[in-house]
Each structure stands twice: as structure tokens, then as C-alpha cells.
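Written below as C-alpha cells is the structure these notes are about.
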Amino acid sequence: LCYKLDRRTPRRISLLGQDRVASALTALIPLVAFTVAGLTSPDHSRVPGEALVLALSPSLAVVYALGEEFGWRGYLQDALAGLTSTHRYLIAGVLWWAWHGRFSNPFELTVFLPIVVVSAFLLGRAAEETRSLLVVASMHATIILLTKNGAVSSAYYIAGAVTILGWILIRRFRPALPVQASSTTS
């Protein structure tokens with residue numbers, strides 16, 4: 001919608017970015033790791049249907065995160081292109097924190113704000129390097145899955161470690177392509 005209203009902002013970040021294979025692999029790793037973690041977690045045996053919810057939650061987290069990332073990295077980051085990367089990421093982080101509207105207790109005001117701002121820097125940098133919304137959405141989804149109300153099982157921590165290791169291996173064996181100056185439309 002923002003792009004339809006503001007056609008002046010060039011679109012540099014697309015769904016799959018510069019390297020479609022690396023983007024797809026980057027998204028697939030947490031989906032598989034967290035789905036397996038959800039299905040094998042002993043915590044779900046107490047509540048009927050919880051295994052299905054835990055198995056689907058990684059896919060739902062990616063869909064949810066992709067919706068946010070279309071706005072934060074897909075539009076706002078490009079719209080702020082005239083600013084330094086530090087300013088772009090800081091503005092995106094503070095707006096992202098305000099967007100969540102979590103102001104009900106001291107944790108939300110003192111801990112959640114730095115988590116979101118640091119995440120904005122990490123995701124912003126990843127978006128700049130890969131030009132892929134799918135990459136940043138899968139990273140965002142991983143953050144969601146690892147921080148959901150503090151109720152994370154040890155299987156999820158293992159899935160998080162496997163995910164990060166997988167991303168490191170992708171980065172190692174499939175280095176980033178040079179960033180192209182032209183805007184993309186896909």
C-alpha cells in the first residue's frame with residue numbers, strides 16, 4: 001500500500017533478494033528446525049492439539065513477520081535511504097517498538113525497547129546485504145519463536161542454535177553477491 005501511495009521511493013529490497021537459493025535456504029532452516037522442535041517437545045503432551053500448534057507456529061511466525069517486514073524493511077528502510085544506516089535502523093527500531101504498543105510494565109519499557117532496536121539494526125543490515133524480505137522475515141520469526149513470553153522449551157533453544165549455525169554455513173559457503181545499484185521490482 002505504501003508503494004502505491006508513494007511511487008517516488010525506489011524499491012531495492014524484494015521478496016527473494018539477490019540470491020534466491022540462499023534466501024530460500026535461509027527461510028527453510030528455521031521452519032524445519034522449529035517444526036521438528038515443536039513436534040518433539042515433551043511440553044505438548046499435556047494439552048490436546050498443542051503438538052499441531054507447535055508444529056505450525058514456525059510457519060505462522062514467518063507469515064506474521066513477513067507482513068511486518070514488508071513495511072519495516074521493504075518500505076521504510078528504502079524510504080529513509082537518504083539517511084545514514086545508523087539513523088535508518090534507529091528510526092525503524094523505535095517505530096517498530098512503538099508499533100508493538102507494549103508499554104504495560106517495566107520490562108516492556110526497559111528491556112523490550114533495546115531488544116527491538118538491536119533487532120532493527122541486525123535485520124536492517126541483513127536486508128541491506130541480501131536485499132531479501134524472506135531472509136529478514138525468517139530472522140524476525142526466529143526472534144519471535146525464541147522470545148515468546150519467556151515460555152521457550154529447551155528444544156526451541158536447540159532449534160535456534162541449529163538455525164544460527166545453518167545461517168552461518170550458508171553465509172560461509174554461499175557468500176553474498178555484490179549489491180546491485182539498480183532497484184528491483186520483484
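Computed from a predicted structure; not experimentally measured.
Residue pairs meeting the salt bridge (charged side-chain N to carboxylate O under 4.0 Å, His left out) criterion with at least one member in residues 111-123, sequence neighbours excluded, do not occur. Each salt bridge (charged side-chain N to carboxylate O under 4.0 Å, His left out) pair with one or both residues in residues 81-91, not counting sequence neighbours, appears once here: R88-E128. Evaluation of the salt bridge (charged side-chain N to carboxylate O under 4.0 Å, His left out) test over residues 134-143, restricted to residues two or more places apart or in two chains, returns none. Here side chain to side chain donor-acceptor pair (under 3.5 Å) pairs that include residues 135-144, with residues two or more places apart or in two chains, are E69-H140.
Counting Ile, Leu, Val, Met, Phe, Trp and Tyr side chains that sit under 4.5 Å apart, directly or through other members, L122 shares a hydrophobic cluster with V118. Grouping Ile, Leu, Val, Met, Phe, Trp and Tyr by side-chain contacts under 4.5 Å, direct or through others, leaves I143 on its own.
Between W96 and L113 there is no side-chain heavy-atom pair separated by less than 4.5 Å. Put simply, the side chain of R73 does not reach to within 4.5 Å of the side chain of R12, judged on heavy atoms.
Taking V63 as the reference, nothing meets the side chain to side chain contact (heavy atoms under 4.5 Å, CB included) condition, with sequence neighbours excluded. For S57, the side-chain hydrogen bond (donor to acceptor under 3.5 Å, both in side chains) partners are Y156, not counting sequence neighbours. A search for side-chain hydrogen bond (donor to acceptor under 3.5 Å, both in side chains) contacts involving T163 returns nothing, not counting sequence neighbours. Partners of T84 according to the side-chain hydrogen bond (donor to acceptor under 3.5 Å, both in side chains) rule, which considers only residues two or more places apart in sequence or in another chain, are H87. Partners of L66 according to the side chain to side chain contact (heavy atoms under 4.5 Å, CB included) rule, which considers only residues two or more places apart in sequence or in another chain, are L15, F70, L133, A137. Among residues two or more places apart in sequence or in another chain, the side-chain hydrogen bond (donor to acceptor under 3.5 Å, both in side chains) test is passed with W72 by E68.
A continuous path of hydrophobic side-chain contacts links Y89 to V117 [ILVMFWY only; heavy atoms under 4.5 Å]. At a threshold of 4.5 Å between side-chain heavy atoms, the hydrophobic network of Ile, Leu, Val, Met, Phe, Trp and Tyr places L169 and L31 in two separate groups.
Shortest non-hydrogen contact noted between S23 and S132 is OG-OG, 3.1 Å.
No option in T26, L25, L16, I170 other than T26 meets the side-chain contact (heavy atoms from CB on, under 4.5 Å) test with V135.
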